[in-house]
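Please read these numbers as outputs of a predicted model, since none were measured by experiment. One-based numbering along the sequence shown.
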Amino acid sequence: MKRRLKGLGVLAIASVAAFTTVAVCQAGEATVSSGADLYREFCATCHGANAHGDGPVAPSLKQKVPDLTLLTRRHGGTFPREEIHRIIDGRSTPRVHGSADMPVWGWEFYGFEGEDAVRRQRVAELIDQLVGYLQSIQAGNR
C-alpha cells in the first residue's frame with residue numbers, strides 16, 4: 001500500500017509540473033532562455049541535476065532513467081543531435097519512452113493553440129537550445 005501511495009504522490013507532482021509547463025508555454029514564451037535553464041526546468045526532475053538519471057522522480061518510474069551524459073558514448077562517439085531532437089519533440093518514441101513516463105516536451109512547449117508557424121519555429125529553437133546543452137555535457141566534453 002505504501003508503494004502505491006508513493007506512486008500516487010509522484011504522479012501528483014508530475015501532473016503539477018506538466019500543467020505548469022502547459023500554462024507557461026500557452027502564455028507564449030518559455031520563462032527560460034538557455035539550454036541549461038530548459039534542462040533544469042523540464043528535465044532534471046527525472047534525469048537529475050547532473051543528467052545522470054538520478055532525479056528525485058527517477059526511482060518511481062518503471063524504466064531506468066538514462067544518463068544523458070553518455071549519449072555520445074552510447075552512439076559510437078557521435079552525438080545523435082537529430083535523434084535527440086526527434087525524441088524531445090515527439091517525432092520519435094524509443095521503446096523506453098513508449099509509456100507516458102517521459103512527457104513529449106515539443107507538444108508541451110507548443111501548447112494547444114492550433115497551427116502557428118511562428119510558434120512552431122519558437123518551439124524548434126527551444127528544443128535546439130536544449131539539445132545543444134545536452135551535447136555540451138557529454139562525458140569527455142567537460
Side-chain angles (χ1 to χ4, degrees), residues 3-142:
R3 187 170 213 196
R4 183 170 183 192
L5 290 175
K6 178 182 174 188
L8 290 174
V10 170
L11 181 60
I13 291 167
S15 295
V16 168
F19 286 123
T20 301
T21 301
V22 170
V24 166
C25 296
Q26 283 184 333
E29 295 280 331
T31 59
V32 292
S33 58
S34 74
D37 290 339
L38 288 166
Y39 177 83
R40 281 189 292 276
E41 187 168 341
F42 299 106
C43 310
T45 302
C46 294
H47 290 281
N50 295 312
H52 295 294
D54 58 353
V57 174
S60 68
L61 299 175
K62 294 175 190 170
Q63 299 286 335
K64 182 174 176 6
V65 177
D67 182 332
L68 298 179
T69 67
L70 301 175
L71 295 168
T72 296
R73 184 178 299 164
R74 288 195 307 258
H75 288 85
T78 302
F79 183 75
R81 186 173 187 84
E82 180 59 25
E83 179 181 346
I84 299 306
H85 196 288
R86 293 172 64 87
I87 289 168
I88 294 169
D89 75 11
R91 291 179 290 156
S92 177
T93 310
R95 184 180 56 82
V96 71
H97 293 150
S99 70
D101 286 347
M102 180 178 158
V104 177
W105 291 116
W107 297 341
E108 298 295 336
F109 290 154
Y110 195 71
F112 303 101
E113 296 179 11
E115 288 295 315
D116 178 342
V118 173
R119 188 174 194 77
R120 185 176 303 280
Q121 179 62 35
R122 176 65 180 147
V123 169
E125 290 168 2
L126 290 171
I127 294 172
D128 284 343
Q129 290 173 353
L130 180 54
V131 172
Y133 172 71
L134 293 175
Q135 186 170 7
S136 77
I137 63 168
Q138 295 306 292
N141 286 356
R142 298 175 270 163

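Listed here is the closest heavy atom pair of P56 and A44: CD-O, 4.0 Å. Scanning both residues, A51 and Y39, for their nearest heavy atoms gives CA-OH, 3.1 Å. Pairing each heavy atom of D54 with each of G48, the nearest pair is OD1-CA, 3.5 Å. Between C46 and A58, the shortest heavy-atom distance links the atoms O-CB, 3.5 Å. The two residues L126 and L38 come nearest to each other via the heavy atoms O-CD1, 3.2 Å.
In this structure, CZ on R40 lies 12.5 Å from OG1 on T45, to the nearest 0.5 angstrom. Taking CZ of R74 as the start and CG of L68 as the end, the distance is 7.0 Å to the nearest 0.5 Å. Here CG of L134 is found 11.5 Å from CD1 of I127. Values are rounded to the nearest 0.5 Å. Atom CD1 of I137 sits about 10.0 Å away from atom OG1 of T72, to the nearest 0.5 Å.
Using modelled atom types and a 3.5 Å distance limit, the side chains of Q129 and E125 yield no donor-acceptor pair.
Contact check for F79 versus V131: side-chain heavy atoms found under the 4.5 Å cut-off.
Counting only distance, with no hydrogens or angles, the side chain of H47 and the backbone of P66 share a donor-acceptor pair below 3.5 Å. Distance alone, capped at 3.5 Å, is enough to place a donor-acceptor pair between the D67 side chain and the T69 backbone. Side chain of Q138 to main chain of L71: a donor-acceptor pair is present (N/O by atom type, distance under 3.5 Å, no hydrogens or angles).
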Checking L130 against C43 for the side chain to side chain contact (heavy atoms under 4.5 Å, CB included) test, could you report, in this order, the C-alpha distance in whole Å, the side-chain angles of both residues, the deciding distance, and whether it holds? CA-CA 10 Å; L130 180 54; C43 310; 4.0 Å; yes
